[in-house]
K.L.:
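Before I ask anything, let me first share the structure, which is written out below as structure tokens.
The shown structure was predicted, so the numbers you read here are calculated from the model rather than taken from an experiment. Proteins get letters first, then strands, A, B, ... in listed order; numbering begins at 1 in each.
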Amino acid sequence: MPLLCEVAVPVPLARAFSYEVPPALAASVRPGARVLVEFGRKKVLGVVLATSEGDAPEGVRLKPITAVVDPEPVLPGELLSFLRELSSYYFAPIGEVLRLALPAVEREDVRALEAQGELPGTLSRVKQVGGRKIAYARPTDAVEEPGVLRGQAASALALLRANGEMPIARLEEKFGNARAAVKKLASLGLVVVEEREPPRDAFFARPEPKDEPPALNEAQAAAEARIEGALSEAKPAAFLLFGVTGSGKTEVYLRAIAGCLARGRGAIVMVPEIALTPQLVSRFRARFGDDLAVLHSGLSESDRHAMWKRVRTGAVRVAIGARSAIFAPVTNLGLVLVDEEHDGSFKQEEGVRYHARDMALLRAHRASAVAVLGSATPSLESVQLARQGKLVELRLPDRAHREATLPEVTTVDLRRIGPGPTGNKLVSLPLHRALEKSLAAGEQAILFLNRRGFAPSVVCESCGHVATCLSCSVALTFHRARGGRMRCHYCDWEGPMPAACAECKAPSLALEGLGTERLEETIAEAFPAARVARLDRDVADGAKAEAILAKMRAGEIDVLVGTQMVTKGHDLGNVTLVGVLNADAALSLPDFRASERGFQLLVQVAGRAGRRDRPGRVIIQTRNPAQPAVQFAMRHDVSAFLEHELADRAEVGYPPFSRLSLFRVDALDEDVARRAAGVIAAHAKTSPEGQSRVVEVLGPAAAPLARLRGRYRFRVLLRSKDRRALRAATQVAAAAIPEIDRRVRVVVDMDPVAML
DNA sequence: AGCACGCCGACT
DNA sequence: GTCGGCGTGCTC
């Protein structure tokens with residue numbers, strides 16, 4: 001019987017394809033190995049999923065595997081089977097899922113294929129990385145005979161001993177003759193030269209001195225003991241580490257990782273997208289040195305590959321990164337940590353829409369590893385899992401530094417309290433006074449406003465018409481930058497500000513509302529002596545944000561104005577005042593999670609106020625001070641909020657008391673999109689689960705953002721308390737997709753987070 | 001997703 | 001008379 005194999009090919013098709021394995025390749029065709037196969041009439045790179053003995057199924061002529069690319073399978077078995085499960089859970093094509101986890105192809109391997117006479121023109125588009133290596137010189141313990149070394153050799157050795165090790169190229173910058181000097185030192189046994197693929201990454205630019213693990217407080221020690229216990233049993237276990245801001249969660253993580261490494265196992269650490277800062281990485285490096293791979297979006301293809309390989313070979317056992325770190329090929333995985341587990345950025349919102357927090361639980365379970373989800377404001381999903389006993393709750397109730405007091409939180413009712421001297425409604429008198437006071441005391445303030453730009457809308461004063469995007473159903477935001485332009489925050493369209501209203505032609509356009517750009521200006525004018533800076537996506541992407549936060553820490557900024565980005569910076573120096581300009585913006589979104597997210601946001605910004613020695617003050621401005629999220633945030637009562645919100649959710653039957661799957665349907669033509677959504681809904685309703693009403697079919701309905709990038713959007717929501725039933729009905733509805741008009745795009749979103 | 005095959009308009 | 005439009009159907 002011939003040997004067959006299942007190959008996942010990089011096409012958006014749900015299933016894999018069978019190929020015949022030529023006897024010569026039988027030994028190297030193993031699950032997780034990449035192979036070159038003819039697919040259609042082109043050659044593509046696929047991944048072997050499984051092999052089996054058997055005959056070709058009814059009347060298909062199997063093609064043979066052309067060549068095996070990797071001498072060893074690139075994907076460990078544990079990771080490969082995890083990816084297959086992820087693919088089936090999210091209704092995502094296996095090829096797409098594999099692409100998330102696969103490293104680039106090494107040039108060396110491609111050359112080997114070329115040498116075999118397989119010169120696949122199409123493969124040129126595959127990511128390739130070269131095996132360029134860098135020579136490092138490392139000093140040995142040997143001691144030279146006095147007087148043997150002179151000049152550059154002596155200086156180079158001194159420098160090496162001071163730094164530990166250095167790339168020879170770096171030495172050459174200082175000593176023109178470094179290469180010869182190193183050669184001489186090597187011949188004397190004073191240094192060794194090692195060729196390596198270095199992590200050439202900013203996070204590793206300078207060595208980090210080892211830290212001394214601080215003593216744990218009682219709660220930390222108890223939490224650590226529970227995690228340690230689970231690690232030593234080597235059985236799957238999952239924890240929810242519920243610790244208030246500043247309670248020392250990170251130290252518990254560090255201990256848990258150390259415990260994991262001590263047992264010879266590896267760890268994955270996931271943090272929200274914007275939390276992966278040099279500060280955080282420094283902390284991990286201080287404990288684990290270079291036994292750490294930092295996976296982040298700034299990595300070049302070859303850096304990423306180098307990191308990937310170091311993890312895969314076990315040279316590095318701890319991988320830290322944003323959601324995609326869940327795919328790190330850590331061998332003998334013992335621990336998966338998710339910090340700030342409630343954060344929305346763990347859900348991928350395009351392509352394969354996986355939730356990295358959920359997948360962390362899954363992967364850890366399958367690997368018999370320990371999962372730890374940490375947060376000061378846990379998601380309702382996790383809280384509910386804890387109540388069901390599926391997560392073990394560990395509490396850190398106190399701030400690690402006892403003397404640190406919680407900030408005093410007050411609200412300003414925007415309906416009743418008028419503007420301060422600036423005349424702007426969102427800079428209320430109490431906020432203005434508080435700013436004056438903190439500036440006078442030489443302290444810093446943060447003003448949080450969830451709106452970029454200068455003015456959120458451009459309104460005609462004579463007819464009331466609001467300027468909207470031509471391809472999206474949203475108002476255009478006015479940005480002052482570059483001479484004043486209107487921009488769509490959804491499709492990134494940008495155009496000049498017209499002289500007259502598009503509707504009634506009256507030349508009476510007015511800017512309405514307050515964005516961060518205008519707030520920065522308003523504050524700078526009202527407080528001319530203050531150094532005011534702004535932090536949002538318009539002024540800072542990536543590294544620039546870190547630079548602004550660093551200035552804040554250094555005390556070079558008095559008032560920092562910004563969006564979400566200001567809520568994530570830790571240790572922001574001398575901040576004693578935090579102003580939330582408009583809490584309602586986040587709390588009144590048309591989403592059943594708006595209250596939960598708004599609350600998390602309030603707690604997070606409030607956490608930026610106050611230092612060890614000085615209590616902070618938080619002012620929350622809102623049109624509805626009585627709403628629960630605001631009230632519980634004021635009292636710093638996370639548990640009570642969770643309680644309240646859980647009761648609300650139970651009543652309306654939304655997660656975590658049910659599960660959802662969402663079909664997002666869009667097309668250029670409104671009717672075409674609506675009809676397609678109708679077809680999906682009809683299919684879902686005719687499924688056995690739909691008919692028995694075990695699964696509710698809600699919709700089709702126009703999406704809250706009815707038009708985006710010129711496409712009309714509809715949704716069909718499936719809801720059930722029974723996850724199996726939901727899955728089955730989703731499957732039935734998804735089966736309708738191929739029959740739908742090809743001009744329509746349909747995506748299935750399991751466990752959706754962003755409902756817009 | 002590609003890439004073919006396949007039937008109807010403006011060009012050498 | 002052909003080159004080419006993108007509709008639909010398949011890829012082991």
Side-chain angles (χ1 to χ4, degrees), chain A residues 1-26 28-69 80 83-84 86-88 90-102 104-105 118-128 348-354 663-669 671-673 675-676 679-680 709-711 734-749:
Chain A
M1 254 200 282
L3 186 60
L4 311 182
C5 82
E6 291 271 283
V7 176
V9 286
V11 288
L13 295 172
R15 65 177 213 289
F17 290 82
S18 299
Y19 284 84
E20 203 179 292
V21 183
L25 298 178
S28 48
V29 173
R30 285 186 279 159
R34 283 176 295 194
V35 289
L36 194 62
V37 292
E38 200 183 300
F39 185 69
R41 58 193 58 198
K42 40 181 245 167
K43 292 222 170 102
V44 298
L45 206 51
V47 178
V48 178
L49 297 179
T51 57
S52 63
E53 299 238 338
D55 291 301
E58 11 62 71
V60 248
R61 210 173 59 239
L62 297 190
K63 289 179 177 173
I65 299 267
T66 305
V68 181
V69 178
L80 183 64
L83 293 169
R84 295 188 72 175
L86 186 151
S87 150
S88 103
Y90 288 105
F91 296 94
I94 182 67
E96 307 265 279
V97 172
L98 285 165
R99 211 168 46 195
L100 294 172
L102 280 179
V105 182
E118 302 298 340
L119 213 147
T122 47
L123 263 192
S124 58
R125 270 181 288 124
V126 171
K127 297 182 281 191
Q128 289 180 27
Q348 171 123 57
E349 292 292 2
E350 56 192 21
V352 181
R353 307 176 82 104
Y354 65 96
F663 286 82
R664 301 161 186 278
V665 180
D666 68 58
L668 288 169
D669 185 276
D671 283 331
V672 167
R675 263 202 303 278
V679 171
I680 301 275
R709 292 171 206 276
R711 302 180 71 90
I737 296 176
E739 297 158 27
I740 284 171
D741 194 317
R742 281 168 60 117
R743 294 168 292 172
V744 182
R745 279 195 312 216
V746 182
V747 294
V748 188
D749 192 354

K.L.:
In whole Å, I'd like the distance from the CD atom of Glu38(A) to the P atom of dC12(C).
P.N.:
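Glu38(A) atom CD is separated from dC12(C) atom P by 7 Å.
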K.L.:
Which heavy-atom pair separates Ala667(A) from Arg743(A) by the least distance, and what is that distance?
P.N.:
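Here Ala667(A) and Arg743(A) meet closest at CB-O, 3.9 Å.
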K.L.:
Could you tell me the separation between the CZ atom of Phe39(A) and the P atom of dG2(B), rounded to a whole number of Å?
P.N.:
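Taking atom P of dG2(B) as the reference, CZ of Phe39(A) is at 11 Å.
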K.L.:
Could you state the CZ-P distance from Arg41(A) to dT11(C), rounded to the nearest angstrom?
P.N.:
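Distance check: Arg41(A) CZ to dT11(C) P gives 12 Å.
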K.L.:
Thr51(A) and Cys5(A): which non-hydrogen atoms are nearest, and at how many Å?
P.N.:
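Of all heavy-atom pairs spanning Thr51(A) and Cys5(A), the closest is CG2-CB, 3.7 Å.
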K.L.:
Using modelled atom types only, decide if a donor and an acceptor are shared between the side chain of Tyr19(A) and the backbone of Val48(A) within a distance under 3.5 Å.
P.N.:
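Checked: no pair found.
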K.L.:
To the nearest angstrom, how far is Arg745(A) atom CZ from dA1(B) atom C1'?
P.N.:
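Roughly 14 Å, once rounded to whole Å.
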K.L.:
Could you state the CD-C1' distance from Glu96(A) to dG2(B), rounded to the nearest angstrom?
P.N.:
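Spelled out: CD on Glu96(A) to C1' on dG2(B) is 13 Å.
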K.L.:
Provide the closest heavy-atom pair for Leu13(A) versus Pro93(A) in the form atom of the first, atom of the second, distance.
P.N.:
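For Leu13(A) versus Pro93(A), the nearest heavy atoms are O-CB, 3.4 Å.
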K.L.:
Pull out every residue in residues 7-20 of chain A that has a heavy atom closer than 4.0 Å to any atom of DNA chain C, ordered by number, or say none.
P.N.:
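Nucleic-acid contacts, sorted: Leu13(A), Arg15(A), Phe17(A), Ser18(A), Tyr19(A).
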K.L.:
Take N1-N3 plus N6-O4 or O6-N4 for Watson-Crick, N1-O2 plus O6-N3 for G-U, both under 3.5 Å. Which runs of 3 or more such pairs involve DNA chain C?
P.N.:
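So far as stems of 3 or more pairs are concerned, DNA chain C shows B:1-11 with C:1-11.
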K.L.:
What closest approach, in Å, do Arg664(A) and Asp749(A) show between heavy atoms, and which atom pair accounts for it?
P.N.:
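That would be NH2-OD2, 3.0 Å.
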K.L.:
What string of B, S and - do you get for nucleotides 4-10 of chain C 5' to 3' if you count protein non-hydrogen atoms under 4.0 Å?
P.N.:
----BB-
K.L.:
What is the distance, to the nearest angstrom, from the CG atom on Leu36(A) to the C1' atom on dC12(C)?
P.N.:
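From Leu36(A) CG to dC12(C) C1': 15 Å.
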K.L.:
A side-chain contact here means heavy atoms from C-beta on lying under 4.5 Å apart; do Val748(A) and Ile737(A) qualify?
P.N.:
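The answer is yes, as the side chains (C-beta and beyond) meet within the 4.5 Å cut-off.
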K.L.:
Taking the side chain as everything from C-beta on, heavy atoms only, tell me whether Leu98(A) gets closer than 4.5 Å to Leu80(A).
P.N.:
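Result yes, sub-4.5 Å side-chain heavy-atom pair found.
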K.L.:
Any carboxylate oxygen within less than 4.0 angstrom of a Lys/Arg side-chain nitrogen, looking at Glu349(A) and Arg353(A)?
P.N.:
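Yes, Glu349(A) and Arg353(A) are salt-bridged.
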K.L.:
When Val7(A) is tested against each of Leu49(A), Ile65(A), Ile94(A), Val44(A) for side-chain contact (heavy atoms from CB on, under 4.5 Å), which residue passes?
P.N.:
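By the side-chain contact (heavy atoms from CB on, under 4.5 Å) criterion, Val7(A) pairs with just one of Leu49(A), Ile65(A), Ile94(A), Val44(A): Ile65(A).
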K.L.:
On a heavy-atom basis, which atom in Leu45(A) and which in Pro10(A) lie closest, and how many Å separate them?
P.N.:
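Closest pair (atom of Leu45(A), atom of Pro10(A), distance): O-CD, 3.1 Å.
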K.L.:
Between dC3(B) atom C1' and Lys43(A) atom NZ, what is the distance in whole Å?
P.N.:
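Value for this atom pair: 17 Å.
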K.L.:
Please name the pair of heavy atoms, one in Met1(A) and one in Glu53(A), separated by the smallest distance, quoted to 0.1 Å.
P.N.:
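Nearest heavy atoms, Met1(A) then Glu53(A): O-OE1, 3.8 Å.
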K.L.:
Taking CD1 from Ile65(A) and C1' from dC12(C), how many angstroms apart are they, rounded to a whole number?
P.N.:
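Result: 10 Å.
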